[in-house]
Each structure stands twice: as structure tokens, then as C-alpha cells.
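Below is one structure; the comments refer to it alone.
In each ligand, atom 1 is the first atom listed, and ligand 1 is the first ligand listed.
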Amino acid sequence: MQPQTIVILGTGGTIAGRAARAADNIGYTAAELGIEQLVDAIPALVEAGPVITEQVAQIDSKDMSFAVWAQLAGRVQHFLARPEIQGIVITHGTDTLEETAYFLQAICDSAKPVVLTCAMRPATALAPDGPQNLLDAMAVARHPGACGVVAVCAGTVHSALDVQKMHTYQLDAFSSGDAGPLAYVEEGRLRLLRNWPLALEGRSEVAINSIANMNHATDWPWVEIVMSHAGASGAVVQALVAQGVQGLVVAATGNGSVHHALEAALLQAQAAGVQVVRATRCANGRVLSKPGDALADSQGLSPVKARVALMLGLLGR
Ligand code: SIN
């Protein structure tokens, strides 16, 4: 028998948010409604087959933590291993969705789909976007052949590698940048534009089990993001190195250029054993490295995803 059950894991976010007035799309509190309430409000969600719901966390995703990531990864691994499970949908806040998506893609090896979805308006809005996004995410999770970690918002499917929040307010808040979207969801049907994401090249060897057993306050490698900008100095880098930072991602200008004062401090940090990676602060494009570049580039990852990659890389050592 084909696996048919979809697991919906709730983590909070605006999709579970509540405002005092229906006309208020911004003055709400995120993460108020439980995943069961969200699912019960959309009867069509369960029409296509069995659904299991579980509340993994109930947070505004700006407060995402290593402990929640570990919990989420553990539940994803648990359900993916069950033969009756076809795929997983995760409701998540939009603000750090791309980091969670990349984290899960980096550590989960699955031939089944893991679909993150979200909303830009609270559940109490006059015209909330969450229910349609959740329906679309279910359509992706049920699609034959779907696999890997993807994000669904406003009828568009993005791969975990490419997805990035690009707008503070509009419903279609995410983009896949140069890569373009993976698919569109149209009336419950998928229009696939390119292949499903396969396991990440250089996938982290960090076992989910070892992450679950970590002390999340102390055991994660300390990696910070610094930004290159007009008038930058090396002061922040020097202070972080003095405090024992283990990795630094620089959100560089343009094609990976770094203010000379900041660059001098980063090179010093690197010489002292700190791992330094250059990503670009540009929303599109990637750092194209040149022979002789002293700082490694992020292999196309945005600064926040490069930070996750660097943390997992340091953990795997
Ligand atoms: C959040 O990220 O949890 C709040 C904002 C949102 O979901 O749009």
C-alpha cells in the first residue's frame, strides 16, 4: 500500500497568530492558535487522506532556538522513517523560515517531502493567507515524487537552498532569487518547473540523534554574522574573537568585497583559528571567488544560511 498519511507539525508563527481586530494585519501576536485549531478550520485538508497533527513548538520564529531546531529535526526524522507517512508539512513563522528550511535540508536525508509553510497575515485577518498556504503545502506533500525540504507561500514552491524572505508585508513575501521557483501550486495541482531538490552536496554528517542529545546552551559552535558597510571597522570582530567566537560569516558587499578595516580584522581572526566565510549582502547572485582570495566564499548561501552551514560544519569536526 502507498504511504498516505501526512504529518502536520506546528511551530507557531503568524499563521497561528491572533489580532484583536479582524482588520488588523500587523498588530497581532504570533503563535497563539494550536495546530489542531488551524487544521480543524480547513475541512478540505483532511479530504485527501489521513493527517496526524503535532505541536512541536509555539513561538514567533524570530525567537527560533537550537533547542526547537533539535526537537523539530527529531520529530521529522521520526515520522519520515514510518512507512505509512507520505510527507511532512511544517507551519512556521516567515521570519526565520529560510534558516529552518536550510537546517532541515542539511541534516535530513529523505526521499519524502518536508514542506514548510507560513502566512503573512494572522489567522484572525479578514482575508488570511494561511489556510490557502496550508492547503497548497498539503498538495505538495501529497504530490507523487515530491522530495526534499521546500517552502510554500502564495502559491509558489521554493527549494530550501534558494528560499529567502524578500518582503516585509506583501503576501508573496519569498523568492528563490536567480534560481527561480521550483513549482507553482494551482488549484491543488503542481506545475513543476525544475527537479526536486536532492540531498545537499556536502551534506552535514552531523547525526540528528547527536543534536538531540546536546546541551543547546553550550554545545553549539558559536558563529556570528558581521556586515561590511561604509565606515566599517574591525572592532566587532576583535571583540568577538576576544570572547571566543569560533566562526564568522561576513555579509560582504557586492561580489564578496569587504571594507579594508573589517577585512584586516577578519584575516587576523582567521589566522587565530576562527573559521571565516564570505557571503554577499546582495539579495541576488552569489560570491564568485577569484584565485588567491584569502577568505572562503559561502558557495552561494546567504549570510544566515552560511551561518547554519558553518555551525554544522564545526559540529561535525
Ligand atoms: C514569525 O516569523 O513567527 C512572525 C512573522 C511571520 O510569521 O510572518
Side-chain angles (χ1 to χ4, degrees), residues 8-39 41-42 45 53-73 75-76 88-105 114-138 140 149-158 160 162-177 181 185 216 225 283 302-305 307-308:
I8 309 181
L9 303 176
T11 70
T14 294
I15 192 168
R18 197 158 37 189
R21 289 182 308 111
D24 191 350
N25 287 324
I26 57 168
Y28 60 88
T29 306
E32 295 248 298
L33 301 180
I35 191 63
E36 268 188 49
Q37 280 171 285
L38 297 185
V39 170
I42 316 169
L45 273 182
T53 58
E54 188 173 298
Q55 194 78 48
V56 174
Q58 187 64 308
I59 60 168
D60 185 319
S61 80
K62 72 179 174 56
D63 299 323
M64 184 51 70
S65 66
F66 298 141
V68 172
W69 271 358
Q71 171 79 4
L72 188 58
R75 298 313 287 158
V76 166
I88 297 182
V89 169
I90 301 171
T91 57
H92 197 289
T94 60
D95 286 342
T96 59
L97 180 145
E98 66 215 56
E99 290 168 68
T100 300
Y102 179 78
F103 170 73
L104 292 174
Q105 177 74 26
V114 177
V115 187
L116 285 92
T117 195
C118 56
M120 290 296 287
R121 290 181 182 159
T124 50
L126 282 175
D129 53 329
Q132 186 63 53
N133 286 346
L134 198 44
L135 267 173
D136 289 349
M138 287 294 275
V140 175
V149 182
V150 300
V152 173
C153 182
T156 308
V157 187
H158 307 273
D162 303 312
V163 66
Q164 193 168 353
K165 187 169 179 181
M166 299 295 274
H167 206 281
T168 55
Y169 178 73
Q170 289 174 1
L171 303 190
D172 193 1
F174 289 87
S175 166
S176 291
V185 190
H216 301 297
I225 300 173
S302 65
V304 289
K305 290 181 189 173
R307 175 174 175 268
V308 177

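Residue H92 has no nitrogen or oxygen atom sitting less than 3.5 Å from a nitrogen or oxygen atom of ligand 1, judged on distance alone.
Residues M120 and K165 are in side-chain contact: their nearest non-hydrogen atoms beyond the backbone lie under 4.5 Å apart. Put simply, the side chain of E98 does not reach to within 4.5 Å of the side chain of H158, judged on heavy atoms.
E32 places no side-chain N or O within donor-acceptor distance of the main-chain N or O of Q58, the cut-off being under 3.5 Å. Using modelled atom types, one side-chain atom of N133 and one backbone atom of A154 make a donor-acceptor pair closer than 3.5 Å.
Every atom of ligand 1 is numbered from 1 in the order shown, and the set under 4.0 Å from a heavy atom of T14 is 4 (C), 5 (C), 6 (C), 7 (O), 8 (O).
Of the listed residues (A119, C153, A31, S61), the one carrying the non-hydrogen atom nearest atom 2 (O) of ligand 1 is S61.
Among all non-hydrogen protein atoms, the one lying nearest atom 8 (O) of ligand 1 is T94 OG1, 2.5 Å.
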